[in-house]
Amino acid sequence: MASKKTFDTTNRTFQLVFSAVMVALGTVLSVIPVMQLPFGGSVTLFSQVPILAVSWILGIPWGLASGLAYAVLQILVGGIGNFSYVQGILAYIILVFADYLVPFSFLGFGSIFKRVIKNPFAAASAGTLLVCVIRYISHFISGATIWTEYAPDTALGAVLAYSASYNATYMVPETIISIIGICAVIALWNRLVKTESPGEETLKEAE
């Protein structure tokens with residue numbers, strides 16, 4: 001008896017709808033902070049996980065596209081007001097790229113180790129850790145260049161230390177939460193994609 005797939009991840013309609021829903025879900029979750037820092041940055045309720053899920057289920061290209069859409073929405077939802085705190089074209093460029101486009105678009109690389117590490121949970125954890133490190137570095141650059149006024153001292157060392165510690169305050173727990181979340185999503189997805197044939201399990205991926 002031929003098996004019937006629960007989901008066809010190569011279907012363009014499925015890809016578009018799934019990506020759109022995940023971007024919307026991530027945006028909603030991003031405005032439900034578990035911990036909010038005074039000068040920007042927060043620990044959220046699994047807000048990165050939907051984009052990581054798109055990357056894992058549909059592949060990196062779809063993950064990057066969804067991450068970019070999510071980044072733009074982050075600017076529109078909560079980032080517009082930040083432009084009033086910085087001045088100059090260079091500061092605006094750093095704000096857009098370092099605080100939004102780069103850190104959130106790069107979530108699309110969350111599945112980069114999927115074909116390298118056999119254990120899916122280890123692969124997803126490693127990929128999530130990587131993209132969170134990239135996000136941390138990006139926010140660190142922003143903090144050390146356009147948000148220096150919030151550092152306790154204007155000396156270069158003090159500014160760098162402040163940016164490093166401030167951004168780690170929310171990125172460390174955010175990384176842990178995201179790893180837990182994507183592993184839970186993978187466990188659920190693997191159950192959902194089981195075929196109707198007894199004993200057969202197939203995970204169909206988008207190339």
Side-chain angles (χ1 to χ4, degrees), residues 22-52 54-55 63-110 112 125-182:
M22 290 298 102
V23 170
L25 177 59
T27 303
V28 171
L29 292 175
S30 71
V31 298
I32 308 176
V34 176
M35 180 182 74
Q36 183 74 51
L37 272 69
F39 306 124
S42 62
V43 180
T44 63
L45 193 64
F46 302 105
S47 66
Q48 297 186 130
V49 174
I51 308 304
L52 295 170
V54 173
S55 178
L64 291 173
S66 298
L68 177 59
Y70 176 69
V72 172
L73 285 175
Q74 287 299 300
I75 295 175
L76 297 176
V77 170
I80 291 294
N82 290 333
F83 285 87
S84 63
Y85 295 103
V86 297
Q87 295 182 349
I89 297 299
L90 180 59
Y92 292 151
I93 292 174
I94 293 175
L95 173 62
V96 169
F97 281 89
D99 276 341
Y100 296 100
L101 295 187
V102 171
F104 296 121
S105 296
F106 272 57
L107 292 175
F109 282 111
I112 193 169
S125 297
T128 300
L129 178 61
L130 175 63
V131 298
C132 285
V133 168
I134 292 174
R135 180 182 170 187
Y136 170 76
I137 293 173
S138 186
H139 290 318
F140 167 77
I141 292 173
S142 174
T145 54
I146 63 175
W147 302 113
T148 57
E149 62 187 278
Y150 296 104
D153 194 315
T154 57
L156 179 59
V159 169
L160 295 178
Y162 176 76
S163 182
S165 59
Y166 183 90
N167 287 294
T169 302
Y170 65 91
M171 279 309 303
V172 170
E174 184 81 355
T175 299
I176 295 172
I177 290 174
S178 296
I179 289 174
I180 294 172
I182 190 58

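Values reported hereafter were calculated over all heavy atoms of this structure, with side chains retained and with hydrogens, waters and symmetry mates removed.
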A.B. asks: Looking only at the side chains, is there a donor atom on one of W147 and D99 sitting less than 3.5 Å from an acceptor on the other?
C.D. replies: yes
A.B. asks: For the residue pair F83 and Y92, categorise the inter-ring angle as parallel (less than 30°), tilted (30 to 60°) or perpendicular (more than 60°).
C.D. replies: tilted
A.B. asks: Look only at the side chain of S125 and the backbone of I179, and say whether a donor-acceptor pair between them is shorter than 3.5 Å.
C.D. replies: no
A.B. asks: Give a yes or no answer on whether the side chain of S55 reaches the backbone of G108 with a donor-acceptor pair at less than 3.5 Å.
C.D. replies: yes
A.B. asks: Do other residues, nucleotides or ligands put more than 12 heavy atoms under 6.0 Å from E149 CD?
C.D. replies: yes
A.B. asks: Could you tell me whether a side-chain N or O of T175 sits under 3.5 Å from a main-chain N or O of M171, the two making a donor and an acceptor?
C.D. replies: yes
A.B. asks: With a 6.0 Å cut-off (strictly less than), is the heavy-atom count around OH of Y85, excluding the residue itself, greater than 12?
C.D. replies: no
A.B. asks: Counting heavy atoms not belonging to Y162, are there more than 12 under 6.0 Å from its OH?
C.D. replies: yes
A.B. asks: Under 30°, 30 to 60°, or over 60°: which ring-plane class applies to Y166 and Y170, parallel, tilted or perpendicular?
C.D. replies: perpendicular
A.B. asks: State, with a plain yes or no, whether a side-chain heavy atom of M35 is found less than 4.5 Å away from one of L37.
C.D. replies: yes
A.B. asks: When rounded to the nearest 0.5 angstrom, what is the spacing between CZ in R135 and OG in S138?
C.D. replies: 9.5 Å
A.B. asks: State whether the side chain of S178 and the backbone N or O of E174 hold a donor-acceptor pair below 3.5 Å, judged by distance alone.
C.D. replies: yes
A.B. asks: Mark yes when over 12 heavy atoms from residues, nucleotides or ligands other than I89 sit less than 6.0 Å from its CD1; otherwise mark no.
C.D. replies: no
